[in-house]
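Take a look at the structure set out below.
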Amino acid sequence: MAKATKKQALGRGLSALLKDPDNDIKSVEDKNADKVVGNIIELELDSIDVNPFQPRTSFNDETLRELATSIKEVGVIQPITVRKLDFNNFQLVSGERRFRASKLAGLKTIPAYIRIANDQESLTMALVENIQRQDLDPIEIALSYQRLIDEIDLTQEQLSDRVGKKRSTIANYLRLLKLDPIVQTGMRDGFISMGHGRALINIEDQQQQLEIYEKVIGNSLSVRNTESLVRSLNNKTENSATAKGANSGTPKHILKGVKEFSEYFGAKIDIKVSGKGSGKLIIPFSSEEDFKRLKKLINSED
């Protein structure tokens, strides 16, 4: 107990360094920065802003109250992580549940690790740490991956190294963002799993995708049953397209290749073939973000 009291007192002592306007620590090169950065310090909750880069967008009220009760009993066991913004002003990097629960518990201060980072570093730290440590839903993870790719300008290979996940795993999450927003919401609310979503993404027609989604929900279909239903639908569509292609004289190897392109890009690829065997591939995109996604997919193969 004496050891814990000493550690807490040390944290309070270090916090006094952060309230000295004549020796404000703004970088790791400043005087006393080594005493503050990386150490556990008691910070006032009112001096901490929430993190705009937080990938989690919803917090369960009941679990927050349970955590607040635990904090009242034993305190905050795992310190939060913050970055210093300005004099006596900090921003959360990770630990928003503990931060919110501490406020509910009526605490005035919270133990925190201090970091000095720019916006890009803060975004990377917040997203990577949350992806690895929190129980985010598949869409939140996919959005976090997409933000790292767009805002830090990473390829899927570079992102794979950052988060310690296979590139194929990252690609599977990113493909979920092509699902209809209604289907994405169903996944976020727990009505369907990521396995269901991965099956539904193979339906290119949005209206058909929603129809199958309603069948999955209405009949409580398993992932395997959903995959079977999607295969059956796609086989009918493919047979119809093949017959149409055969009538137009399009070679079978081109039809097969177009199907593979469509699956890779997560978009319906159109083709125009001339009589001499040459032709054009047309890759559609629905927005600037979608165009960037396609560009990343192409560049990642370089």
Side-chain angles (χ1 to χ4, degrees), residues 55-58 131 135-150 156 159-160 163 165-242 244 255-271 281-298 300:
R56 180 178 295 283
T57 56
S58 61
I131 288 169
D135 55 340
L136 301 178
D137 66 60
I139 298 301
E140 285 176 320
I141 293 175
L143 289 170
S144 297
Y145 286 156
Q146 192 63 59
R147 287 194 68 182
L148 282 166
I149 288 172
D150 291 342
Q156 288 189 18
L159 179 56
S160 173
V163 301
K165 300 289 184 181
K166 292 181 180 178
R167 180 181 174 277
S168 59
T169 299
I170 292 170
N172 283 332
Y173 274 104
L174 292 175
R175 290 186 70 207
L176 297 177
L177 299 179
K178 293 293 292 179
L179 287 166
D180 184 275
I182 292 176
V183 181
Q184 290 187 36
T185 300
M187 191 179 303
R188 300 192 72 168
D189 292 340
F191 293 119
I192 61 171
S193 68
M194 180 177 177
H196 289 102
R198 289 182 61 184
L200 292 171
I201 197 65
N202 292 309
I203 303 174
E204 297 175 4
D205 184 272
Q206 196 171 55
Q207 186 57 43
Q208 288 182 328
Q209 188 183 102
L210 288 174
E211 289 174 0
I212 297 298
Y213 169 71
E214 290 174 0
K215 288 182 179 180
V216 171
I217 299 297
N219 300 310
S220 300
L221 297 182
S222 66
V223 172
R224 180 172 295 183
N225 288 337
T226 303
E227 290 171 342
S228 178
L229 189 59
V230 170
R231 274 196 304 270
S232 177
L233 175 65
N234 283 341
N235 284 338
K236 290 179 182 178
T237 304
E238 185 178 347
N239 290 336
S240 175
T242 300
K244 183 178 179 181
L255 293 173
K256 181 181 178 182
V258 170
K259 183 175 182 294
E260 292 173 350
F261 279 132
S262 295
E263 291 176 351
Y264 178 75
F265 287 108
K268 186 177 181 180
I269 305 300
D270 292 324
I271 183 172
L281 287 174
I282 301 173
I283 307 175
F285 57 91
S286 57
S287 63
E288 181 180 352
E289 291 72 20
D290 195 28
F291 178 80
K292 289 180 179 179
R293 179 187 67 84
L294 294 169
K295 183 179 176 182
K296 293 286 185 182
L297 284 173
I298 295 171
S300 67

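With rounding to the nearest 0.5 angstrom, the CG atom of L176 is 11.0 Å from the OH atom of Y145. Here CD of Q184 is found 10.5 Å from NZ of K178. Values are rounded to the nearest 0.5 Å. Separating the CD1 atom in I212 from the NE2 atom in H196 is a distance of 12.0 Å, to the nearest 0.5 Å. For the atom pair CG of N172 and CE of M194, the computed distance is 5.5 Å after rounding to the nearest 0.5 Å. Separating the OG atom in S144 from the CG atom in L174 is a distance of 10.5 Å, to the nearest 0.5 Å.
Using a distance-only test at 3.5 Å, with no hydrogens or angles considered, no donor-acceptor pair links the side chain of E227 to the main chain of A199. No donor-acceptor pair closer than 3.5 Å links the side chain of D189 to the backbone N or O of F191. With hydrogens and angles disregarded, no donor-acceptor distance shorter than 3.5 Å links the side chain of S228 to the backbone of R224.
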message: Between Y173 and K165, does the side-chain contact (heavy atoms from CB on, under 4.5 Å) criterion hold? Intermediate values first, please.
response: CA-CA 11 Å; Y173 274 104; K165 300 289 184 181; over 6 Å; no
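No more than 12 heavy-atom neighbours from other residues, nucleotides or ligands sit within 6.0 angstrom of CZ on R198.
With contacts defined as side-chain heavy-atom distances shorter than 4.5 Å, the pair R175/N202 qualifies.
Nearest heavy-atom pair, V183 versus Q209, reported as atom, atom and distance to 0.1 Å: CG2-OE1, 3.9 Å. Nearest approach of P138 to M187, heavy atoms of both residues: CB-SD, 3.6 Å.
Among L200, I192, L210, the single residue meeting the side chain to side chain contact (heavy atoms under 4.5 Å, CB included) criterion with L179 is L200.
With sequence neighbours excluded, the residues forming a side chain to side chain contact (heavy atoms under 4.5 Å, CB included) with L143 are I139, L177, R188, listed by chain and number.
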Donor-acceptor list for residues 213-223 side chains, cut-off 3.5 Å, not counting sequence neighbours:
from: N219; atom 1: ND2; to: K215; atom 2: O; distance (Å): 3.2
from: S222; atom 1: OG; to: N225; atom 2: N; distance (Å): 3.1
from: S222; atom 1: OG; to: N225; atom 2: ND2; distance (Å): 3.3

